[in-house]
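Structure first, then comments.
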Amino acid sequence: MKLEEDIRLHIKNAFKLIFEVELDSAQLFLQPTRKEFEGTHTFVVFPFLKISQKSPEATAVAIGDFLKSRSGMIKDYNVVKGFLNLEIGTAVWISCLDDMLKNQHWGQLDSNGKKVMVEFSSPNTNKPLHLGHLRNNFLGDAISRIIEAAGYQVKRTNLVNDRGIHICKSMLAYQRWGKGETPETAQLKGDHLAGKYYVLFDKYYKEEITTLVRQGVSEEEAKKKAPILLEAQEMLQKWEQKDAEVMTLWNNMNAWVYAGFETTYQTMGIEFDAIYKESETYLLGKDIIEEGLKKQVFYEREDGSVWINLKEEGLDEKLVMRSDGTSVYITQDIGTCDFKYEDFPMDQSVYVVGNEQDYHFNVLFAIMKKMGRPYGEGLYHLSYGMVDLPSGKMKSREGTVVDADELMDEMFMTAAKHTLELGKIEGLTENESKNLFRMVGLGALKFFLLKVDPKKRMLFDPKESIEFQGHTGPFVQYTYARISAILRRASADGINEALSPIQKIHPREQILLAHLVRFEEVIVQAARDYSPALLAQYVYDLAKDYNGFYQELSIFNEPDDPLVNFRISLSGLTARVIHRSMNLLGIEVPNRM
RNA sequence: GCGCUCAUAGCUCAACUGGAUAGAGCACCGCCCUUCUAAGGCGGGGGUUCGGGGUUCGACUCCCUGUGGGCGUACCA
């Protein structure tokens with residue numbers, strides 16, 4: 001909405017006419033008024049005292065007077081030190097609400113013609129997803145939706161890590177001890193089956209190391225020379241040579257894992273536009289190394305290895321190809337950049353990857369910029385912090401993880417328990433209640449993970465289960481369900497949403513309106529900062545503001561018809577914004593709960 | 001060693017990028033359902049924003065320094 005913009009324009013005008021200076025309206029910063037003062041918008045005058053040549057109070061009063069008498073928007077103002085608090089006129093609020101109600105695309109900005117690729121999830125096919133992956137997936141999904149809402153065209157991709165030594169570890173352990181079991185015979189999801197053998201491998205590997213150390217081998221040496229590890233490395237070589245037996249095993253096990261992942265993604269409510277597999281991209285990049293040598297971006301050392309010097313970028317010298325001409329991790333990432341661009345010529349490319357890879361992405365992006373790629377400037381690493389347990393970091397191979405499937409199941413069960421205790425499934429069919437448990441349980445989990453600033457690492461304590469009250473997803477969902485009930489009744493009573501002038505707008509209503517007005521601004525900011533947390537915070541505050549309004553003011557018992565209409569409209573708009581905000585976080589909202 | 005990063009209420013997190021008396025939730029105490037959904041609302045206690053300097057009208061935020069965590073610094077991925 002242009003409400004704030006209008007106010008800024010009038011302030012700009014005030015400076016021009018009172019102090020005879022031309023200011024850029026962008027530097028006239030408005031902030032929400034603290035709730036202990038009258039008004040909704042506050043202008044801080046401190047930065048402009050040099051211009052006004054007056055005290056903070058006198059400056060604020062001068063601008064306040066001007067706005068009150070000349071703008072036609074400001075009903076009244078008050079000054080506290082250098083803070084000018086503005087009260088907006090009733091008619092302005094009504095027309096503002098009217099504009100928002102009429103805007104069918106509220107919460108979806110016009111297309112800007114730009115393309116963004118978002119890569120997230122990127123699981124390994126040797127183990128099931130855990131809580132850390134949930135944060136990655138929910139973040140990737142939410143930021144995709146938010147960027148779309150901000151007017152970009154988005155392609156969601158998932159680059160599956162389906163080959164490599166860690167995959168061979170699971171395969172080898174299965175070959176040794178699996179006795180031909182399958183997900184069916186084992187009654188296990190395919191990804192969990194693979195994970196079981198990954199853990200088995202590690203256990204046996206550690207035993208071998210212990211044995212070797214007892215025989216007098218140094219620990220470092222033992223880690224490299226454990227027979228089972230050597231065998232896994234041998235298997236990887238066979239895989240690269242497309243050995244028939246290994247390929248069959250690989251294909252079988254991966255198929256099980258993919259089936260398992262599919263179920264998990266469905267439960268999470270997450271989809272992709274394209275799935276890339278590392279087995280198809282891991283050989284890419286060598287031609288770009290050649291190109292880079294010619295462009296003198298890279299240089300070759302005497303032993304034939306290829307390097308890049310990034311000291312000017314504050315980084316270091318980095319190897320991009322081994323002396324034997326084989327790839328390292330970054331080689332394939334370099335190749336994959338071009339590969340992705342050919343598939344989808346994006347302006348920006350977002351990698352949702354944990355912050356332990358900060359350095360890697362700094363190097364990768366510096367390389368692609370030096371190579372002069374058109375998308376080079378648009379590369380972004382959405383670096384998020386780990387989810388830690390009270391005991392420390394999660395480790396799949398040691399089995400100290402919170403499993404994604406198990407956690408989601410637990411959330412659904414807890415949601416069911418709460419719902420039953422509160423007696424809220426009356427009148428719902430079995431399917432409806434099941435769907436409600438799913439929505440609420442998943443909503444609690446997603447909100448829990450998304451409300452925290454992505455950059456920060458966060459703590460999850462399995463002993464203290466995720467809340468359903470307070471600063472939570474179900475709180476917001478509940479507010480939506482509550483408004484839905486009101487709207488159902490309004491509709492049954494035949495109340496239309498036509499707005500007509502009313503006498504006066506209650507402070508609770510003003511706070512709510514001022515909050516609603518900011519919606520699209522928050523979307524833009526969340527997209528710009530790649531932070532779903534901003535939107536989560538916004539929608540939580542909105543729900544809180546609505547509940548305050550709901551508690552203090554009555555809707556249907558109001559004798560004055562225009563006021564009833566106004567409050568219904570306000571409620572309806574709040575519901576729409578909650579629905580849309582939660583949708584952008586990948587969270588569904590129920591009509592009743 | 002070097003680089004990046006974090007440290008805010010008992011606990012989990014905010015603080016609009018330098019603005020008002022640092023805010024929410026959980027937990028604890030006390031109120032509010034014969035009026036629209038109490039998964040809600042209202043009130044209370046709880047803070048030297050890790051320590052020490054500096055910059056300025058003004059610092060959780062910026063600079064310096066110390067302490068304590070995390071991550072990285074592989075011809076691993």
Side-chain angles (χ1 to χ4, degrees), chain A residues 29-34 36-37 42 44-47 49 56 80-83 85 124 161 163-166 278 282 301 303-307 314-316 318-324 326-330 332-333 354-360 362 383 385-386 388 392-393 415 418-419 421-422 424 440 444 448 451-453 455-461 464 467-479 481-490 493 518 521-522 525 529 533-534 537-538 540-541 543-544 546-558 567-568 571 592-593:
Chain A
F29 180 64
L30 288 168
Q31 60 183 2
T33 304
R34 300 185 67 122
E36 58 264 39
F37 302 110
T42 294
V44 186
V45 303
F46 289 114
L49 298 183
V80 182
K81 291 188 277 183
F83 298 88
N85 302 321
N124 296 322
N161 198 320
R163 52 136 249 135
I165 187 72
H166 49 301
E278 206 188 281
Y282 81 107
R301 287 190 181 170
D303 61 2
S305 58
V306 181
W307 295 72
L315 301 166
D316 213 339
K318 296 295 295 181
L319 175 93
V320 294
M321 196 161 77
R322 293 192 187 102
S323 52
D324 62 4
T326 55
S327 298
V328 286
Y329 180 38
I330 203 154
Q332 57 174 293
D333 264 12
N355 63 10
E356 71 257 332
Q357 298 205 35
D358 283 356
Y359 188 73
H360 170 76
N362 280 337
S383 159
M386 297 290 104
D388 287 328
K393 201 178 167 179
H418 280 282
T419 311
E421 274 170 10
L422 293 166
K424 301 241 182 181
V440 173
F448 175 82
K451 74 175 178 184
V452 182
D453 182 346
K455 290 196 285 288
K456 294 193 177 171
R457 68 185 237 269
M458 62 184 293
L459 191 79
F460 174 78
D461 189 346
E464 296 171 24
E467 302 278 348
F468 284 71
Q469 283 168 10
H471 192 173
T472 68
F475 169 87
V476 181
Q477 289 172 318
Y478 175 74
T479 308
R482 178 184 250 180
I483 300 175
S484 297
I486 290 171
L487 296 178
R488 277 195 296 272
R489 180 171 158 189
D493 290 0
R518 289 184 47 231
E521 180 193 321
V522 173
Q525 202 185 349
D529 296 350
L534 295 177
Q537 190 67 42
Y538 170 82
Y540 169 71
D541 288 336
K544 230 170 126 51
Y546 185 84
N547 284 328
F549 155 83
Y550 172 91
Q551 197 72 29
E552 194 165 328
L553 304 172
S554 117
I555 295 175
F556 295 107
N557 298 331
E558 200 58 52
R567 288 183 180 162
I568 293 292
S571 300
R592 59 183 81 205
M593 69 182 272

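Below, read A as the first sequence line, B as the second, and so on, with proteins coming before strands; counting in each chain starts at 1.
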(message) For the CD atom of E278(A) and the CG atom of D333(A), what is their distance to the nearest 0.5 Å?
(response) 8.0 Å
Rounding to a whole Å, what distance do you find between [X]:[atom1] and [N]:[atom2]?
X       : N       : atom1 : atom2 : value
N355(A) : rG69(B) : CG    : P     : 18 Å
I568(A) : rC36(B) : CD1   : P     : 14 Å
Q551(A) : rG43(B) : CD    : P     : 11 Å
H418(A) : rC26(B) : NE2   : P     : 13 Å
R567(A) : rU35(B) : CZ    : P     : 19 Å
F556(A) : rU37(B) : CZ    : C1'   : 12 Å
K455(A) : rC4(B)  : NZ    : C1'   : 14 Å
Q469(A) : rC26(B) : CD    : P     : 7 Å

Across the strands shown, which category fits [X] at heavy-atom distances under 4.0 angstrom: base, sugar-phosphate, nothing?
X       : value
N547(A) : sugar-phosphate
R518(A) : nothing
L553(A) : base

Checking [X] now: which residues fulfil side chain to side chain contact (heavy atoms under 4.5 Å, CB included) with it, not counting sequence neighbours?
X       : value
F460(A) : L131(A), V387(A), L389(A), V402(A), L407(A), F448(A), P462(A), I466(A)
Q537(A) : H471(A), Y540(A), D541(A)
A490(A) : I495(A), F556(A), I568(A)
T472(A) : E467(A), P474(A), F475(A)

Mind checking the [atom1] distance from [N] to [M]? Whole angstroms is fine.
N       : M       : atom1 : value
rU12(B) : rG53(B) : C1'   : 32 Å
rC11(B) : rG51(B) : P     : 15 Å
rU5(B)  : rG18(B) : C1'   : 22 Å
rC60(B) : rC16(B) : C1'   : 14 Å
rU61(B) : rU56(B) : C1'   : 14 Å
rU21(B) : rA15(B) : C1'   : 14 Å
rC64(B) : rA59(B) : C1'   : 15 Å
rC4(B)  : rA74(B) : P     : 16 Å

(message) Ignoring hydrogens and geometry beyond distance, is the side chain of T42(A) in donor-acceptor contact with the base of rA20(B) at under 3.5 Å?
(response) yes
(request) Kindly say whether, by distance alone, the side chain of T479(A) makes a donor-acceptor pair under 3.5 Å with the base of rA39(B)? (result) no
Between [X] and [Y], is any side-chain donor less than 3.5 angstrom from a side-chain acceptor?
X       : Y       : answer
Y550(A) : T479(A) : no
Y538(A) : Q525(A) : no
N547(A) : R482(A) : yes
T326(A) : R322(A) : yes

Just jot down the ring-ring contact (aromatic ring centres under 6.0 Å, His included) partners of [X], sequence neighbours excluded, or say none.
X       : value
Y359(A) : none
H418(A) : F468(A)
F37(A)  : none

Given [options], the nucleotide with the shortest approach to the side chain of [X]:
X       : options                   : answer
D529(A) : rU17(B), rG25(B), rA39(B) : rU17(B)
Q525(A) : rC16(B), rG40(B), rC36(B) : rC16(B)
Y550(A) : rA38(B), rA39(B), rG40(B) : rA38(B)
I486(A) : rU21(B), rC36(B), rA39(B) : rC36(B)
R34(A)  : rU37(B), rA20(B), rC36(B) : rA20(B)

(message) Can you tell me whether the base of rU5(B) sits syn or anti, using the 90° cut around 0 to define syn?
(response) anti
(message) Please classify the glycosidic conformation of rC60(B) as syn (within 90° of 0) or anti (everything else).
(response) anti
(request) Could I get the full list of salt bridge (charged side-chain N to carboxylate O under 4.0 Å, His left out) partners for D493(A), not counting sequence neighbours? (result) R489(A)
(message) Test of understanding: with salt bridge (charged side-chain N to carboxylate O under 4.0 Å, His left out), list the residues that count as partners of E552(A), not counting sequence neighbours.
(response) R508(A)
Using atom names, set out every protein N or O paired with an N or O of nucleotides 55-62 of chain B below 3.5 Å, distance rounded to 0.1 Å.
none

(request) Would you tell me if any nitrogen or oxygen in the side chain of K544(A) comes within less than 4.0 Å of OP1 or OP2 on rG23(B)? (result) no
(message) Does rA39(B) have its OP1 or OP2 closer than 4.0 Å to a side-chain nitrogen or oxygen of R482(A)?
(response) no
Name the pairs: protein N/O against N/O of nucleotides 9-14 of chain B, kept only if under 3.5 Å.
{"from": "rC13(B)", "atom 1": "OP1", "to": "L459(A)", "atom 2": "N", "distance (Å)": "2.8"}
{"from": "rA14(B)", "atom 1": "OP1", "to": "D453(A)", "atom 2": "N", "distance (Å)": "2.7"}
{"from": "rA14(B)", "atom 1": "OP2", "to": "K456(A)", "atom 2": "NZ", "distance (Å)": "3.4"}

(message) So is the aromatic ring of F83(A) stacked onto the base of rG19(B), judging by whether the centres are under 5.5 Å apart and the planes are under 30° apart?
(response) no
(request) Compare the aromatic ring of Y478(A) with the six-membered base ring of rA39(B) and state whether they stack according to the 5.5 Å and 30° rule. (result) no
(message) Strictly under 4.0 angstrom, non-hydrogen atoms only: write out the protein contact profile of nucleotides 72-77 of chain B, one letter per nucleotide from the 5' end, B, S or -.
(response) S--BSB
